[in-house]
Amino acid sequence: MNVNRSKQEGFSIRAAHAADLEGLLKLYQQLNPSDEEISPDLAASGLDAIKQIPSSAVMLGLLGAVLVASCTLIVIPNLTRGGKPYALIENVVTDARYRGRGYGTRLLHAAVQGAWSADCYKVMLLTGSKQPSTLRFYESAGFEQSKTGFQMRRMAARHDA
């Protein structure tokens, strides 16, 4: 997936590569601090598996060479809606030191554009957060809270106020 975007103010967006995993895993610690650590081999295998899904990517938002945000875009084949795929955005995180500057929003817009380029008919994003600031962030990025979500988990859900 080609996710290169303009480099306004030194900010750029691109797909993650194996060399990015160390920094990416550190950023993910801010997303789920209680997660058990993933081995480098398993992380590399997971990234390779995502890259094998057409039009899908772990997307990185970089300020110069500094990783400031990431999200994962997965494009899912479909047998309804005339065969148009749909997309899921997951693992959205912006480094706490860079929040509120628009980097996360620009990254989400790039992910959505990637989904539209793959001819997806919709993009879904779920959050377990109930924090008003998180919900405002997704709404201000153009997402609407319009469906009821259900889930079944093997791992305990993250609890934030």
Side-chain angles (χ1 to χ4, degrees), residues 1-78 84-129 131 133-134 137-138 140-143 151 153-155 157-158 160:
M1 171 180 204
N2 181 1
V3 292
N4 291 321
R5 303 288 181 237
S6 67
K7 294 187 177 187
Q8 298 173 320
E9 304 162 19
F11 184 73
S12 62
I13 297 171
R14 66 168 174 78
H17 306 293
D20 300 310
L21 281 172
E22 183 178 344
L24 183 61
L25 295 178
K26 284 181 184 173
L27 182 61
Y28 282 162
Q29 288 174 344
Q30 293 183 38
L31 181 63
N32 295 308
S34 63
D35 272 4
E36 70 178 84
E37 200 169 307
I38 186 173
S39 73
D41 288 344
L42 186 56
S45 176
L47 179 60
D48 285 342
I50 291 168
K51 291 166 72 172
Q52 296 303 311
I53 303 168
S55 301
S56 300
V58 174
M59 300 174 65
L60 305 180
L62 301 153
L63 189 58
V66 178
L67 174 59
V68 300
S70 180
C71 72
T72 301
L73 172 67
I74 301 294
V75 174
I76 303 162
N78 189 22
K84 290 187 180 300
Y86 57 95
L88 177 65
I89 295 175
E90 184 61 75
N91 297 328
V92 178
V93 60
T94 300
D95 187 308
R97 298 170 294 180
Y98 295 93
R99 291 180 187 156
R101 300 183 194 182
Y103 302 128
T105 299
R106 287 158 65 177
L107 182 64
L108 283 177
H109 288 169
V112 169
Q113 186 55 52
W116 297 158
S117 294
D119 202 27
C120 291
Y121 82 94
K122 72 176 177 181
V123 178
M124 296 183 292
L125 182 151
L126 300 171
T127 182
S129 176
Q131 292 184 9
S133 60
T134 301
F137 165 69
Y138 290 126
S140 71
F143 289 86
Q151 65 177 341
R153 300 181 71 98
R154 265 182 93 170
M155 298 174 65
R158 177 180 82 194
D160 56 357

- Message: With a 4.5 Å cut-off on side-chain heavy atoms, are Y103 and D95 touching?
- Response: no
Rounded to the nearest 0.5 Å, what's the gap from [atom1] on [X] to [atom2] on [Y]? Could you check?
{"X": "L126", "Y": "E90", "atom1": "CG", "atom2": "CD", "answer": "7.0 Å"}
{"X": "Q30", "Y": "T94", "atom1": "CD", "atom2": "OG1", "answer": "9.0 Å"}
{"X": "T105", "Y": "Y138", "atom1": "OG1", "atom2": "OH", "answer": "10.0 Å"}
{"X": "L63", "Y": "R97", "atom1": "CG", "atom2": "CZ", "answer": "11.0 Å"}
{"X": "T127", "Y": "F143", "atom1": "OG1", "atom2": "CZ", "answer": "11.5 Å"}
{"X": "L60", "Y": "I13", "atom1": "CG", "atom2": "CD1", "answer": "9.5 Å"}

If you look at every heavy atom in [X] and [Y], which pair is closest and at what distance?
{"X": "K84", "Y": "Y121", "result": "O-CD2, 3.7 Å"}
{"X": "V75", "Y": "P54", "result": "CB-O, 3.7 Å"}
{"X": "A141", "Y": "L108", "result": "CB-CD1, 3.9 Å"}
{"X": "L73", "Y": "M59", "result": "CB-SD, 4.2 Å"}
{"X": "L107", "Y": "C71", "result": "CD2-N, 3.6 Å"}
{"X": "R14", "Y": "L62", "result": "NE-CD1, 3.5 Å"}

- Item | Residues which pass salt bridge (Lys or Arg N to Asp or Glu O under 4.0 Å) with K26, listed by chain and number, not counting sequence neighbours | E22
- Task: Begin from the C-alpha positions of V112 and I89 and carry the test side-chain contact (heavy atoms from CB on, under 4.5 Å) through to its verdict.
- Result: CA-CA 8 Å; V112 169; I89 295 175; 4.1 Å; yes
Output side-chain donor-acceptor pairs under 3.5 Å for residues 36-48, partner residues at least two apart or in another chain, one line each.
| residue | atom | partner | partner atom | Å |
| --- | --- | --- | --- | --- |
| S39 | OG | L42 | N | 3.1 |

- Message: Given L24, which partner from the list N91, L67, V93 fulfils the side-chain contact (heavy atoms from CB on, under 4.5 Å) test?
- Response: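 The single option meeting the side-chain contact (heavy atoms from CB on, under 4.5 Å) with L24 is L67.
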- Task: Applying side chain to side chain donor-acceptor pair (under 3.5 Å), name anything that partners K51, two or more places apart in sequence or on another chain.
- Result: none
